[in-house]
Amino acid sequence: MRRALDTMRRVALDIVYPPHCLACGCATEASNGLCGACWRGIQFIERPFCDRLGTPFHHDLGDGLLSPEAIAHPPVFRRARAVALYDDGPARRLVHRLKYGDRVEVAGLLGRWLARAASDLLGEAPVIVPMPLHRERLWRRQFNQAALLADELAQVSGLTSDAFLLDRVKSTTPQVGLSRAQRAANVQGAFKVPPSADLRGRTVLLVDDVLTTGATANAASRALLRGGAKGVDLAVFARVAGTGEIAI
Ligand SMILES: [Zn+2]
């Protein structure tokens with residue numbers, strides 16, 4: 001009886017909201033997925049990749065290797081993992097839909113992908129912390145897309161997500177077009193662990209939708225470490241390859 005009702009409900013929903021691709025919106029056979037073209041268009045990041053930055057290597061030279069970028073500019077966070085490369089294709093459309101479209105469905109899909117991409121960061125049972133938005137921006141947008149992802153990841157992985165462990169206390173201008181030093185200066189002091197948060201001895205998995213230059217993630221990681229965290233790792237849906245001189 002219950003199953004029959006579920007089926008009826010699903011059929012009714014499919015009539016009202018026909019299954020569509022979560023990236024491009026075209027009609028699909030099943031709900032909450034992608035069409036074939038979008039699926040093929042996403043550049044999923046697979047091993048081998050840099051152990052610190054998670055950036056893909058073109059050749060497999062063995063595990064635990066670091067990229068020249070990670071050696072020249074070591075990040076504040078320990079390791080970063082990303083589901084896919086950010087490009088002008090379906091990855092960008094999914095990020096936009098997470099912000100402005102089918103939020104819950106897209107967050108569900110990306111959260112499941114994130115759990116897979118960040119699987120080697122989940123072993124220490126970290127507390128999941130979404131990259132915070134400044135209060136003014138949160139007020140304008142009404143919700144934080146990183147928090148949606150963090151909640152989905154927590155649900156899939158059986159961990160806890162806590163958006164109250166990190167505050168964004170400074171509103172920052174977009175990082176596009178700034179030099180490495182300017183980007184770091186722009187986000188300096190932008191984050192703070194509130195006095196009520198107790199991070200001592202805890203490992204944090206910071207979650208964001210897109211990683212561009214790493215300057216924001218570094219500033220947030222620095223604040224978390226200052227707030228007592230034992231270590232900070234980073235999980236994002238998409239990361240920009242190269243210098244990050246690209247508008248999101
Ligand atoms: Zn599509």
Side-chain angles (χ1 to χ4, degrees), residues 6-49 53-58 80-119 121 128 130-131 133 137 140-157 161 174 176 207-213 217 234-248:
D6 278 351
T7 307
M8 274 167 62
R9 198 171 146 264
R10 210 164 40 238
V11 168
L13 275 173
D14 283 354
I15 293 168
V16 185
Y17 306 107
H20 57 277
C21 170
L22 291 178
C24 73
C26 79
T28 53
E29 279 180 21
S31 308
N32 301 332
L34 299 183
C35 71
C38 287
W39 185 262
R40 286 188 300 275
I42 293 193
Q43 301 182 64
F44 288 102
I45 296 176
E46 306 283 351
R47 288 186 185 278
F49 51 65
L53 296 175
T55 42
F57 289 141
H58 295 299
R81 298 291 181 260
V83 172
L85 287 179
Y86 188 85
D87 58 18
D88 228 358
R92 185 190 180 116
R93 288 201 293 274
L94 281 169
V95 170
H96 273 242
R97 293 197 83 112
L98 181 67
K99 285 180 186 165
Y100 310 110
D102 310 287
R103 286 164 196 166
V104 176
E105 292 79 5
V106 174
L109 179 68
L110 302 194
R112 290 194 295 279
W113 284 352
L114 206 53
R116 186 174 154 266
S119 58
L121 308 183
I128 299 173
M131 183 70 82
L133 287 179
R137 191 183 284 190
R140 270 204 310 266
R141 200 183 280 164
Q142 300 291 312
F143 79 105
N144 176 1
Q145 74 277 5
L148 279 186
L149 281 184
D151 288 349
E152 286 294 335
L153 178 60
Q155 203 164 26
V156 175
S157 57
S161 166
V176 179
V207 167
D208 206 355
D209 54 347
V210 180
L211 174 65
T212 48
T213 65
L234 178 66
V236 300
F237 163 57
R239 67 163 307 134
V240 174
T243 59
E245 299 299 322
I246 177 174
I248 301 300

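Just so you know, ligand 1 is whichever comes first in the structure, and atom 1 is the first atom listed for that ligand.
For Asn32 and Glu105, the side-chain atoms include no donor-acceptor pair closer than 3.5 Å.
The closest side-chain heavy-atom distance from Leu94 to Leu22 is below 4.5 Å. Residues Leu148 and Phe143 meet the side-chain proximity criterion, which asks for heavy atoms closer than 4.5 Å. Counting only heavy atoms from C-beta outward, the side chains of Leu34 and Leu109 approach each other to under 4.5 Å.
Excluding waters, the set of protein N, O or S atoms lying under 2.8 Å from the Zn ion (ligand 1) comprises Cys21 SG, Cys24 SG, Cys35 SG, Cys38 SG.
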Any chance you could lay out the salt bridge (charged side-chain N to carboxylate O under 4.0 Å, His left out) test for Glu46 and Arg81, step after step, and finish with the verdict? CA-CA 10 Å; Glu46 306 283 351; Arg81 298 291 181 260; over 6 Å; no

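Note on Arg103 versus Glu152: no salt bridge recorded, every NZ/NE/NH1/NH2 to OD/OE distance being 4.0 Å or above.
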